[in-house]
Every structure is written in structure tokens, then in C-alpha cells.
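Structure first, commentary second.
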Amino acid sequence: MNTLSVSNDELVLENERLKVMLAELQGEPCRSGNEARFYQLMRLAAIPMSHVDKEGKILFLNDQFVETFGYNLTDIPTLDDWWQNAYPDEAYRGWVLSTWNQAIQDSIQTGNPIRSEEYRVTCKDGSIRDVEISGITVGDDFMATLHDRTPIRQAQKELGISEQKFRTIFDYSTVGKSLTGADGTLLEINQAFASMLGYTVKEMEKISFAKITHPDDVAESKQLVQDLLAGIADTRRIEKRYIHKDGSIVWTLVSTRLLRDSQGNPVYFITSIDNITPLKEMMAQLEHSNSELEQFAYVASHDLQEPLRMVSSYTQLLAKRYKGKLDSDADDFIQFAVDGANRMQQLIQDLLQFSRVTTRGMPPEPTDTHAVIAEAMKNLEVLITEKKALITTDELPDVKADKGQLVRVFQNLFSNAIKFCEASPPTIHLSAEPNQHMWQFCVADNGIGIAPQYFEKIFQVFQHLNSIKDYAGTGIGLAICKRIIERHGGKIWVESEPGKGSRFYFTLPRKE
């Protein structure tokens, strides 16, 4: 077997020969040694670069130049061709040429590098780029680097637009706004916030937040800041009282967000302040009014009980003693009186229950729903047996509720499902599924159904959709259910079609 021996010098010569061949194939001048290495560095540079000789011939354009501007040596073999293409506006081009010729001359004489102003350069595809050109003369040649500032200028433009939008929203918002540094320094407030407290913006800038914050709310405000800085939340919302310039209290809903930089360091807090004083005053008036109405309903119902018991007792005594001894009309009249007295008693009992939902309720606590269902069904045992009703349930979750009131909810829904059913037997199914931080229950039945236009009406007091003769009741049961569910922070609604049964939905807080 023959062995081919090649010296290191021969390998170097062969490598240079291949470089020359490759350069010729690419249409570039043949270079070797230090010059070749220099051009290789230029080719790999991340910014556009060019080399122009003293005659204005462009000797080299690197890859980044071609990629950025689209021109290659065929498009712009000379510097004049570059000026023609990059600056099509003659007046502008003339100014650029005179400026650059002077700069090059100064560089040749002083040896100092050139750093230009920014120019708007036209690329081969017609797009415009903002370019800053730097260069240095080497003998009679000129080496240039072109710094593309377009992304920076575009970002600055977008930032300016964003700043203008922010400024418009901040300054002209009807909601109070404040901007505070991460160290607690007040940076800005808007006119709406200052006016809310009776100050001018200039006056507010000289006042500490501690001075205008109600003393009882200072601790919670500090805790809000600490929670945001600790990363417990990005945004916090609290009710907060400020002190007006005239000394009065201003109730506000404060929503604060902490903005951080790209490294996660806190930069500043931006806060929105809504004046809820009128709402607070209205709520206080409503609570006072509701309290008076509840007290009135309770007293009225309680005071009606005794005379009504007397009426009921005597009408029942009349029915027992004189039924069949007078004419048929008298018997009917007595029965009407008895029925009316009984209905009035039931109505008063339901009104008492309705008025006591908020005043006599127990604090919500973890409650076994299956135990609640068992108690409701025990209370309805006679009705369930008489109508042979079938009540089934899925596996039910524990909830946070007032057990006694929840029994009343299921008892009312079950009794309605049985009462308003013409099928035999009445069938009721109870299920539950998670709904965000609540449990959503569904009581489905095979009853007579409800038309859509009555979906809201049935939850109002004293609303009857059917004849009292056919379906007894006071029309308060569902109103009580609604009030109980809303007291627990949930809501209740119905889905139904006439003749196809009903599905009553309501939500209750989870046990946690």
C-alpha cells in the first residue's frame, strides 16, 4: 500500500489556492493573508460595513449591509451609485454629499474618525431606514459602518404614543389617579383626585398621604403596600377613607397595582381612586329603611296574630256548631271565613319568616348538605308520602351556610316541585357542581313548568302564576329562598318550559 506524504507548507499553499478559487467564483478580488482575514471579520460583523477606495469604487459590502439595505456590489458598484439610490431626493442628496466630502477631507487631514448625524436612507425595496454612519480614512480609502437606528426610533415613536395615551387617561380621567415610587415618594396625581379631596394638584403634591388618610385606615394601607412588594399579589383593592380639606370623610374604593421592571424589581405603584361616598350614604339609608321595614313587618305580623287567632277560633266554632243547621248559603259563608282565616295565618307566618331572614339568621358555617336534605324531607314527610314523591340526589358537597335557613330553601323547592306536578309520581333530582369559588346546585323536577316571561316574577313576594284554588300557597316561598341565597352571597334562577318540568339553580359558598 502506497503512502502519500504532504508537508505542512503544501497544505497551507493548497488552502490559499482554494480561497482564491472561491473568491473568483464569487466575483470578488483575490485577497490573501492579513487582508483576507480582515475582510472575513468584516463579513461576519453584525452591523452593515463597507470599504470604498479613493476613486469612489466600492470594494466590499458585508453580508449585514446587503441584508439591511438590499443593495449588493452589482447594484451599487460606486459611491455615486449609492448616493443615487439611497438619497433619491436631489436637494437632500446634494446636502449629504457636501457634508460627507467635507467630513472625509477633515478625517484625511486630522486622522480623526467620522461620526455622522442620522440620515433617512432609502432601501432597495423602497422602505426607509434611519441610519447613523461612522467611518475612518485609511490612506486614501474609507472604511464605513452604518448603524441602523430604525428599531430604536420606532420604539421611541411607540413609546411616545403610549406615553401620550397614558397622559391623556391619567390627566383627564374622571377617576382619581396617583403614581407613587416604589419607595413611597409621590410622583404624580391627577386633577380628579385632588378635586375629590378639595385641593389643587399643587397643594396635594405638598401633602403626605398619612395626613389625608383616615387614622383607622393607615394600617391597612401600609399592609396593602407590603403585600404588593412581597409579591403576594400584583393588584390589591380596598375601601379607604380620606379626609377632605374641609374635614369631612370621603369614602373611596382604592385599586393599586405594582409595576416592576424586566428584572422583577418594583418601579412604581399606580392607583385608581373611586369616590364611593354617595354609594355609602345610599347604602346606609337603605339599610336603615330595610331595618325599619323589617321591624314594621315583624310587629305588624306579631300584632295581627292574636286577633286573627280569635277570628279563626270563632269561625271554626261556628262551622262545628251550626254546620247543617242553617241553609246551604250559611254553610258556604262559614267555610269561606274559615279558609280565609287559615290562609291569613299562613300568610302572616310566611311574612315573619321573610322578615327574619337577615335579622334572625345564624352565622354561616361548614354544613353537611346531606343532613340538610334529610331534615327538609323529614319536614315534608306527610306530603311526600301522600303524593308518593321520589327524591334522589347525587353526592353533594359540604357548604358554608346557615343550616336552618338552608333547610328552608330545600323544603320550599321540594314542596313546590311536588305541589306543581300533574305527573305521577312527582320526581325530583338534586345535583351539584363546582362554579369558580361557589357550588352550583340544581333541583330538577317533572312538574308543570314555567313560561320564560315569569322567570323573574316568581321570585317576588305574593306572586301567583296559578289559581289559588288549584294550587294553594301564599306566593312567598320562592321570595324567601331568593333572600336566603342572596344573604349567603349566591344567586338563584330557573330554567323551564311549560309541560317539561323546571330546573332551579342556586349557588352557595364552598366550605372553605
Side-chain angles (χ1 to χ4, degrees), residues 287 290-291 293-305 345-385 389 391-419 428-432 435 437-445 458-463 472-494 504-512:
E287 287 175 1
N290 284 339
S291 177
L293 286 173
E294 287 172 355
Q295 184 65 21
F296 171 78
Y298 175 74
V299 171
S301 300
H302 185 272
D303 291 348
L304 282 173
Q305 295 262 26
Q345 280 187 318
Q346 185 60 52
L347 185 61
I348 289 174
Q349 289 296 328
D350 286 347
L351 277 173
L352 282 172
Q353 289 289 337
F354 184 79
S355 67
R356 290 172 174 175
V357 167
T358 56
T359 58
R360 300 294 180 92
M362 301 298 292
E365 59 183 7
T367 301
D368 181 351
T369 307
H370 286 285
V372 170
I373 300 300
E375 188 170 337
M377 291 176 65
K378 184 178 180 181
N379 294 341
L380 297 172
E381 186 174 2
V382 174
L383 179 63
I384 293 172
T385 302
I391 300 176
T392 58
T393 70
D394 291 343
E395 184 63 32
L396 301 174
D398 291 348
V399 293
K400 190 173 184 180
D402 177 338
K403 181 181 177 182
Q405 290 190 345
L406 192 55
V407 168
R408 185 64 184 249
V409 169
F410 284 113
Q411 186 173 320
N412 286 350
L413 292 176
F414 290 166
S415 64
N416 280 355
I418 296 171
K419 181 169 59 177
I428 304 166
H429 182 72
L430 175 61
S431 60
N435 181 355
H437 58 286
M438 310 285 279
W439 283 106
Q440 179 175 300
F441 289 81
C442 176
V443 177
D445 64 51
I458 61 173
F459 294 105
Q460 298 172 12
V461 180
F462 305 132
Q463 295 299 319
T474 60
I476 300 180
L478 288 177
I480 292 175
C481 290
K482 183 175 185 289
R483 200 166 197 197
I484 290 173
I485 295 301
E486 289 178 348
R487 180 196 169 222
H488 286 74
K491 61 180 182 177
I492 185 169
W493 68 99
V494 65
F504 282 86
Y505 296 92
F506 59 91
T507 56
L508 289 171
R510 297 192 184 193
K511 180 180 65 173
E512 294 80 6

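Sequence positions, counted from 1, serve as the residue numbers for this chain.
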Note, Leu430 side chain near Cys442 side chain (heavy atom, < 4.5 Å): no

query: Got Ile492 and Thr507 here, is their nearest side-chain heavy-atom distance under 4.5 Å?
result: no

query: Would you say the side chain of His488 lies within less than 4.5 Å of the side chain of Lys400, judging by non-hydrogen atoms?
result: no

query: Between atom CG of Leu406 and atom OG1 of Thr367, what is the distance when rounded to the nearest 0.5 Å?
result: 7.0 Å

- request: Nearest 0.5 Å please: distance from the NZ atom of Lys419 over to the CG atom of Leu380.
  value: 11.0 Å

task: Would you check if Glu381 and Thr385 make a side-chain contact, meaning some heavy-atom pair closer than 4.5 Å?
output: yes

Contacts under 3.5 angstrom, residues 369-376 side chains, donor-acceptor by atom type, not counting sequence neighbours:
residue	atom	partner	partner atom	Å
Thr369	OG1	Pro397	O	2.5
His370	NE2	Leu396	N	3.1

task: Classify the side-chain pair His429/Asp445 by whether it contains a donor and acceptor separated by less than 3.5 Å.
output: no

- prompt: Does the pair Thr393 and Ser431 meet the rule for a side-chain contact (heavy atoms from CB on, under 4.5 Å), with working shown?
  reply: CA-CA 6 Å; Thr393 70; Ser431 60; over 6 Å; no

field: Interatomic distance, Ile458 atom CD1 to Leu478 atom CG [nearest 0.5 angstrom]
entry: 5.0 Å

query: Partners of Glu365 by side-chain hydrogen bond (donor to acceptor under 3.5 Å, both in side chains), sequence neighbours excluded?
result: none

field: Close side-chain approach of Gln405 and Arg487, heavy atoms under 4.5 Å
entry: yes

field: Phe506 side, atom CZ; Met438 side, atom CE - distance, nearest 0.5 Å
entry: 10.5 Å

- prompt: Can the ring centres of Phe504 and Phe410 be said to be less than 6.0 Å apart?
  reply: no

- prompt: Less than 4.5 Å apart, any side-chain heavy atom of Met377 and any of Phe414?
  reply: yes

Distance, nearest 0.5 Å, that separates NZ of Lys378 from CD of Gln411: 12.5 Å

- prompt: Lys403: what forms a side-chain hydrogen bond (donor to acceptor under 3.5 Å, both in side chains) with it, not counting sequence neighbours?
  reply: none

Separation between NZ of Lys491 and CZ of Phe459, rounded to the nearest 0.5 Å: 12.0 Å

task: State, yes or no, whether a side-chain contact exists between Asn379 and Val407 at a heavy-atom distance under 4.5 Å.
output: yes

query: Is any side-chain heavy atom of Val443 closer than 4.5 Å to a side-chain heavy atom of Tyr505?
result: no

message: Has Asn412 got a side-chain atom pairing as donor or acceptor with Gly477's backbone, closer than 3.5 angstrom?
response: yes

Test side-chain contact (heavy atoms from CB on, under 4.5 Å) applied to Arg510 and Val399, step by step: CA-CA 5 Å; Arg510 297 192 184 193; Val399 293; over 6 Å; no

message: So which atom in Ile384 and which in Ile391 form the shortest heavy-atom distance, rounded to 0.1 Å?
response: CD1-CD1, 3.8 Å

